[in-house]
Amino acid sequence: MTVQLDRHYLVELQVSAERVSQLRRIIAAHLRHWSLELHIRPVCRGVEELLTNVHRHVGDDNNCVVELRWSGRHLTVSVADNGSEMPRLLSSGGGGLSRVMALSDSWGTCRTAEGKVVWFTRYAKEPRTVGLVPSAPLPGVGEFRRHPVAVPDVVPETTTASGAAPALV
């Protein structure tokens, strides 16, 4: 399976409690589409934390941009807003950036002309699919049978030399 490198999703929204839950479902759908099901819960929790921080510290109805980018190896999630106050990692906290840090492989912040961006990354390698049936004959096995084999509904009863049915293990 070949992954289309550099998959990208961007959405601009006004932050509110209702929008956070809506965006969580949208992000989960994109991660499913990209076959990144194992990352849905931690990524959605991280985005929820970042959007909640924007709502709490920057204010209601603040415009922000959420961006997902998957390179085939790393998934980067960023939230940009127009707040001037830079976020801080509080040692006594259990939420906010400390939760984002726990859910990610790396994270950071940077100031922009309009405000700031907070981002985090997760290692998200291309999922491998295993073919159940080879598409070509195996060496030394002979011709490959591509048609289903009929299996009887009833297995014939077998007996041993003494006439007794064999013991089932």
Side-chain angles (χ1 to χ4, degrees), residues 1-136 138 144 146 148:
M1 176 173 138
T2 304
V3 169
Q4 172 191 350
L5 294 180
D6 204 23
R7 292 187 179 189
H8 182 250
Y9 173 72
L10 182 124
V11 62
E12 185 174 343
L13 70 145
Q14 291 184 330
V15 179
S16 66
E18 300 82 32
R19 295 284 171 101
V20 171
S21 64
Q22 289 172 347
L23 192 62
R24 185 181 174 106
R25 289 189 300 273
I26 291 169
I27 288 173
H30 277 278
L31 295 177
R32 273 188 209 94
H33 179 68
W34 294 345
S35 299
L36 297 174
E37 287 85 359
L38 295 175
H39 298 277
I40 291 173
R41 185 176 177 154
V43 168
C44 287
R45 288 183 69 202
V47 169
E48 187 174 12
E49 280 296 326
L50 294 180
L51 290 176
T52 300
N53 286 347
V54 170
H55 182 66
R56 183 179 298 135
H57 299 289
V58 179
D60 289 340
D61 300 326
N62 177 56
N63 283 336
C64 70
V65 176
V66 176
E67 183 177 12
L68 300 175
R69 185 175 295 274
W70 182 45
S71 68
R73 283 192 171 269
H74 294 93
L75 177 66
T76 303
V77 180
S78 63
V79 175
D81 64 59
N82 59 5
S84 59
E85 185 181 338
M86 293 299 286
R88 295 177 296 143
L89 180 62
L90 302 175
S91 60
S92 63
L97 286 180
S98 61
R99 185 167 293 145
V100 171
M101 182 176 70
L103 296 168
S104 64
D105 295 318
S106 63
W107 67 278
T109 63
C110 63
R111 196 173 298 281
T112 65
E114 298 81 26
K116 65 182 168 296
V117 175
V118 182
W119 56 267
F120 66 92
T121 63
R122 287 183 56 87
Y123 180 71
K125 192 173 178 185
E126 169 189 357
R128 300 258 181 219
T129 57
V130 178
L132 297 178
V133 179
S135 59
L138 298 173
F144 177 71
R146 294 186 187 271

Side chains of L97 and L50: does their closest heavy-atom pair fall under 4.5 Å?
-> yes

Report yes if the side chains of V58 and V15 come closer than 4.5 Å at any heavy-atom pair, otherwise no.
-> no

Residues in side chain to side chain donor-acceptor pair (under 3.5 Å) contact with S78, at least two apart in sequence or another chain | none

Minimum heavy-atom distance between G46 and L103, given as atom pair plus value = N-CD1, 3.6 Å

Are any of the side-chain heavy atoms of W70 and L36 separated by less than 4.5 Å?
-> yes

Just by distance, do the side chain of R111 and the backbone of S84 share a donor-acceptor pair under 3.5 Å?
-> yes

Got R122 and V43 here, is their nearest side-chain heavy-atom distance under 4.5 Å?
-> yes

Going from CD on E12 to CD on Q14, what distance comes out if it is rounded to the nearest 0.5 angstrom?
-> 9.0 Å

At their closest point, which heavy atom of C64 faces which heavy atom of A80, and how far apart are they?
-> CB-O, 2.9 Å

In Å, rounded to the nearest 0.5 Å, how long is the span from NZ of K125 to CG of L75?
-> 16.0 Å

Inter-residue atom distance I40.CD1 - H30.NE2, 0.5 Å rounding = 12.0 Å

Check whether any side-chain heavy atom of R45 sits under 4.5 Å from a side-chain heavy atom of R24, and report yes or no.
-> yes

Between W34 and R7, is there a donor-acceptor pair closer than 3.5 Å when you use the side chain of the first and the backbone of the second?
-> no

Less than 4.5 Å apart, any side-chain heavy atom of D81 and any of K116?
-> yes

For the residue pair V11 and L23, establish whether any side-chain heavy-atom pair is separated by less than 4.5 Å.
-> yes

Report yes if some heavy atom in the side chain of V79 is under 4.5 Å from a heavy atom in the side chain of N53; otherwise report no.
-> no

Measure the CD1-CG distance between I26 and L13 for me, rounded to the nearest 0.5 Å.
-> 8.5 Å

Smallest separation among heavy atoms of T121 and S104, with atom names | O-CB, 3.3 Å

R32 to E37 - nearest heavy-atom pair and separation = O-OE2, 3.5 Å

Given S21 and R25, is the side chain to side chain contact (heavy atoms under 4.5 Å, CB included) satisfied, shown in steps?
-> CA-CA 7 Å; S21 64; R25 289 189 300 273; 4.1 Å; yes

Calculate, to the nearest 0.5 Å, the distance between atoms NE2 and CG belonging to H8 and L68 respectively.
-> 8.5 Å

Looking at CD of E49 and CE of M101, how far apart are the two atoms once the value is rounded to the nearest 0.5 Å?
-> 12.5 Å

Side chain to side chain contact (heavy atoms under 4.5 Å, CB included) between H74 and Y123, intermediate numbers included | CA-CA 5 Å; H74 294 93; Y123 180 71; 3.8 Å; yes

